[in-house]
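Worksheet: the structure to be examined is printed underneath.
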Amino acid sequence: MGYPSCVSLQAMRMSSPLPDPGADERAHSDRLLARLREEIAAHGPMPFAQYMERCLYAPGLGYYSAGKTKFGEAGDFITAPELGELFARCVVNATYPALEMLGDNADFLELGGGSGAFAEAALKAFAEVGALPRHYLILEPSADLRERQRDRLEAALPADVFARVLWLNRPPEQDWQGVLFANEVIDALPTTRFAMRAGEVYEEYVALDGEGRLMRVDRPADALVSGAVRHLERDLEAEFPDGYRSEVLPQLPYWVQAIAGSLTAGLMLFIDYGYVRREYYLPERNDGTLRAYYRHRSHNDPLHLPGLNDLTASVDFTALAEAGNGAGFGVAGYMPQAQFLIGCGLQQAFEAAYEQASDEAVRYRLSQEVKKLTMPDQMGERFQAMLFARNMDMVPLPADLLEADQGDRL
């Protein structure tokens, strides 16, 4: 889910060694490591996707399930909402016309609320334009993060606005209408790692070596993983060479159906770092995109200090488009984040905030926020935005946004 704040990934890979964890952190990681060893000893090597799921979401021990600060300068990475309010205001500009068109029963669902920064800024912006959703739903499985979000929003929002916020443990089961929004969510889905050997598909597993240390091994892939990789090859019209290693999300169609199947009319907006398929699986990207974040440093060892690192892989946006289509949605727009934000009024939002700024320090932070959100070497090009629509006679998106569409690249 994470992304480094300012420094390039390559620079961080070449930088100084990772900082040592404190005694409490190491003890926390050791507890998860002991559980992983027990599970592997009892059941054999586990698929990497299962290992990643344990590292991120194991109750009380996983990265997103424990109490450690994840977001912002004090955490391991910075997301767009942590930079300021401009990002959320642009998302509101893109989506509030759809909420208005859908009427008084329209809801807004955020997947994974993070620190609550996005919800706070978005609800304030919705209130300013007079388009508050009936409910602002936050699907947040982490009890720790949910508590932090609740405390933040209750302190920051008027009581009548806060009353619209509801937390969910699972996707809505009843049919609903409105907008579903996910920022840096798909990159944190437990990913399958595959490798090619003599034309055959293998899957990466996590095993134990002779001294009880974690190690990665390859095993012949099952039909689901092998079929997903062969689908990539057919679409790319090329076979992966021997030794090629990367990621694939065979569960993505099922995940999209699970989180959005009950959304009968409205929009979905996904923003994440990633590529279209032909760029994701370039020949030179022969070890995939998997990476770990620890204290604003990116590294390539997902077995290092399990439970203390955010593990992520970039998004194949062509696969996301296929999954959305399969769930009954049509792609309404696709573009880099910079073009999305500019098309949704970033310039006007910046100018308004700049004029209202209390001092030069605030104005400087606003300028830096825009740079980080839009510069090609920061978030502007590495992050992509994808919009889906379902059962809407017309999709009320800003004209500048529609003109920026690059869906033909998919």
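Quantities reported herein were computed from a predicted structural model and do not represent experimental measurements.
- What you find for D160 and R164 is that their closest heavy atoms are O-CG, 3.8 Å.
- The pair D144-R148 meets the salt-bridge criterion, since a charged nitrogen lies less than 4.0 angstrom from a carboxylate oxygen.
- For F181 and F270, the ring centers are positioned 6.0 Å apart or more.
- More than 12 heavy atoms of other residues, nucleotides or ligands sit less than 6.0 Å from atom CD of E284.
- Side-chain atoms of R291 and N309 form no donor-acceptor pair, as typed in the model, at a separation below 3.5 Å.
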**Request:** Using the side chain to side chain donor-acceptor pair (under 3.5 Å) rule, take S115 and E82 through it: C-alpha gap first, then chi angles, then the decisive distance, then the call.
**Result:** CA-CA 8 Å; S115 68; E82 303 299 322; 2.6 Å; yes
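- Rounded to the nearest 0.5 angstrom, C344 SG and L401 CG are separated by 4.5 Å.
- Heavy-atom neighbours of E100 CD from other residues, nucleotides or ligands within 6.0 Å: above the threshold of 12.
- Considering all non-hydrogen atoms of both residues, V395 and A389 come closest at CG2-CB, 3.7 Å.
- A salt bridge does not link E38 with R35: every distance from a Lys NZ or Arg NE/NH1/NH2 to an Asp or Glu carboxylate oxygen is 4.0 Å or more.
- Taking 4.0 Å as the cut-off between side-chain N and carboxylate O, R219 and E204 do not count as a salt-bridged pair.
- In the model, E25 has a side-chain atom that pairs as donor or acceptor with a side-chain atom of Y294 under 3.5 Å.
- Distance alone, capped at 3.5 Å, is enough to place a donor-acceptor pair between the S262 side chain and the P172 backbone.
- At a threshold of 4.0 Å, the pair E322-R277 counts as salt-bridged, since one of the basic side-chain nitrogens sits closer than that to a carboxylate oxygen.
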Check residues 189-201 and write down every donor-acceptor pair under 3.5 Å in which the side-chain atom is one partner and the other belongs to a residue at least two apart or another chain.
residue : atom : partner : partner atom : Å
R193    : NH1  : E247    : OE2          : 2.7
R193    : NH1  : D287    : O            : 3.0
R193    : NH2  : D287    : OD1          : 3.1
R197    : NH2  : D218    : OD2          : 3.4

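- By the 6.0 Å contact criterion, CD on E147 is open, its count of non-hydrogen atoms from other residues, nucleotides or ligands being 12 or less.
- Of the N and O atoms on the side chains of Q406 and R409, at least one donor lies less than 3.5 Å from an acceptor on the other residue.
- Residues K124 and E128 are not paired through a salt bridge, judged by the lack of any N-O separation under 4.0 Å between the basic side chain and the carboxylate.
- Residues F317 and Y334 place their aromatic rings such that the two centres sit under 6.0 Å apart.
- For the pair R382 and Y273, the NZ or CZ position fails the cation-pi test of under 6.0 Å to the six-membered ring centre and within 45 degrees of the ring normal.
- Considering every non-hydrogen atom in both S142 and Y64, the closest pair reads OG-O, 2.8 Å.
- The pair R285-E279 does not meet the salt-bridge criterion, since no charged nitrogen lies less than 4.0 angstrom from a carboxylate oxygen.
- Taking CG of L180 as the reference point, atom CG of D107 lies at 11.0 Å (rounded to 0.5 Å).
- In this structure, the side chains of D400 and I342 stay at 4.5 Å or more apart for every pair of heavy atoms.
- For D104, the CG atom counts as loosely surrounded, since its 6.0 Å shell holds 12 or fewer non-hydrogen atoms of other residues, nucleotides or ligands.
- Using a 4.5 Å heavy-atom threshold, the side chains of I138 and L153 count as touching.
- The number of heavy-atom neighbours closer than 6.0 Å to CG of D24, taken from other residues, nucleotides and ligands shown, is 12 or below.
- Proximity of the aromatic rings of F240 and Y281 is defined here by a centroid distance below 6.0 angstrom, and this criterion is met.
- For the residue pair Q337 and Q384, no side-chain donor N or O sits within less than 3.5 Å of a side-chain acceptor on the partner.
- When every heavy atom of I271 is checked against every heavy atom of A385, the shortest pair comes out as CG1-CB, 4.0 Å.
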